[in-house]
Enquirer: 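Take a look at the following structure, please.
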Number of protein chains: 2
Amino acid sequence: MQKFIKNQLKQKGFKMTNQRKMILQVLENTDTCLSAEEIFMLVKDINPSVCLTTIYRTIEILIKNNLLTKIDVGDNRYRYEIRTNKHHHHAVCLKCKKMICLEGCPMDYFEKQIKDKVNFTITGHRLEFYGYCLECK
Amino acid sequence: MQKFIKNQLKQKGFKMTNQRKMILQVLENTDTCLSAEEIFMLVKDINPSVCLTTIYRTIEILIKNNLLTKIDVGDNRYRYEIRTNKHHHHAVCLKCKKMICLEGCPMDYFEKQIKDKVNFTITGHRLEFYGYCLECK
DNA sequence: GGGTAATTGCAAATGGTTTGCAATTAGATG
DNA sequence: CATCTAATTGCAAACCATTTGCAATTACCC
């Protein structure tokens, strides 16, 4: 997976710097979605001389190349998740904002309906469930 | 509808000020979701002596009382929509950010599935479709 | 190993949202 | 209808996630 992203970036002419390697490593070794600040902290644990700006700039590149997804949970800060080949959705805890990955998607037939009714070209969708996780409820 | 919201607020001990009336009027006379800034501008057209802070504070009250919904489209600014009794979703244009209301929801049976699989208490969900509207495509 | 364009770190700017506070106002009470 | 009081407002400033400008550094093609 790492490999795939690295190749994608290299192919588009981006340099594989240490900072980018570390950011990718952090993004891949998590099971939730991380905010820029959280990525920053985790990368700092590996190498303290990184700056937040670099995190944001790397995020930007990854998003523009469809390698990362930006997700909003309603607290004025985005969270990011490496884009997997497995299309999926999340359950978001309203209290701690933890994001639990869910498998599957019931949208496919719905999209078709919409395409016919509204004159709108659908390129994707985003589905989040809100509620309380085991610890918070 | 106006009436309903006013009653709800009054019932909870909030005062029905001119500012709040204007904000509600603006929110009710639109067919898209408005950002705080957009609400501000529209309210200003009615009475120029309102300030953005009041918009934000009213939004906060409405959200806390389940009368307004906050929606993210990925451009660092929230949009707001009066909460109707009709549960629905949106198609969001990736270019102009216009939000087209859609009827229906294919989620109900999916929620049940999730409740059983993951240990998570679902209180709601949010579904947005992304793509390009007629004018932008 | 040298050259060059991409990348980084730093500091400062940006922009949406929030907060503190003194002045104003809605609406209950008499 | 006037008074009183707590809620609300406007203003200015703070806050904080994200973005930008720029000079110094680095990846990587030759």
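So that the names make sense, note that chain A is the first sequence line, chain B the second, and so on, each numbered from 1.
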Enquirer: Under 4.0 Å between a side-chain N or O of Gln19(B) and OP1 or OP2 of dG10(D)?
Expert: yes
Enquirer: Starting at CD1 of Ile55(B) and ending at C1' of dC11(D), how long is that distance when rounded to a whole Å?
Expert: 15 Å
Enquirer: Which atoms form the tightest heavy-atom contact between Val50(B) and Phe40(B), and what is the distance?
Expert: O-CE1, 3.3 Å
Enquirer: Whole angstrom is fine here: how far is it from NZ in Lys44(A) over to P in dT8(C)?
Expert: 17 Å
Enquirer: So does Thr69(A) get a backbone contact from the side chain of Tyr78(A), meaning a donor-acceptor N/O pair under 3.5 Å?
Expert: no
Enquirer: Would you call the rings of His125(B) and Phe129(A) parallel, tilted or perpendicular, taking 30° and 60° as the class edges?
Expert: tilted
Enquirer: Looking at Glu128(A) and Arg126(A), is there a salt bridge between them, counting it only when a charged N and a carboxylate O are closer than 4.0 Å?
Expert: yes
Enquirer: Counting only N and O atoms by type, is there a donor-acceptor contact under 3.5 Å from the side chain of Thr32(A) to the main-chain atoms of Lys98(A)?
Expert: no
Enquirer: Report, as a single string ordered 5' to 3', how protein heavy atoms within less than 4.0 Å touch nucleotides 11-18 of chain C: B base, S sugar-phosphate only, - not at all.
Expert: B----SBB
Enquirer: Return the value, rounded to whole Å, for the distance between atom CD1 of Ile61(B) and atom P of dT19(C).
Expert: 13 Å
Enquirer: What is the distance, rounded to the nearest whole Å, between atom CZ of Arg20(A) and atom C1' of dT26(D)?
Expert: 11 Å
Enquirer: Assign each of Ser49(A) and Met16(B) to its nearest nucleotide of DNA chain C by heavy atoms, then name whichever residue's nucleotide is nearer the 5' end.
Expert: Ser49(A)
Enquirer: Donor-acceptor pair, Asn47(A) side chain versus Ser49(A) backbone, under 3.5 Å?
Expert: yes
Enquirer: Could you state the CE-P distance from Met22(A) to dA27(D), rounded to the nearest angstrom?
Expert: 11 Å
Enquirer: Do the side chain of Lys70(A) and the main chain of Arg79(A) share a donor and acceptor less than 3.5 angstrom apart?
Expert: no
Enquirer: Find the distance between CG (Leu27(A)) and CD1 (Ile82(A)) and round it off to the nearest 0.5 Å.
Expert: 5.0 Å
Enquirer: By nearest heavy atom, map Thr17(B) and Glu60(B) onto DNA chain C; which one lands nearer the 5' end?
Expert: Glu60(B)
Enquirer: Which of residues 8-15 of chain B sit near DNA chain D, with a heavy atom under 4.0 Å from it?
Expert: Phe14(B), Lys15(B)
Enquirer: Can you find a side chain N or O atom of Arg57(A) that sits less than 4.0 Å from OP1 or OP2 on dA6(C)?
Expert: no
Enquirer: Looking only at atom types and distance, does a side-chain atom of Glu38(A) sit under 3.5 Å from a main-chain N or O of Ser35(A), one as donor and one as acceptor?
Expert: yes
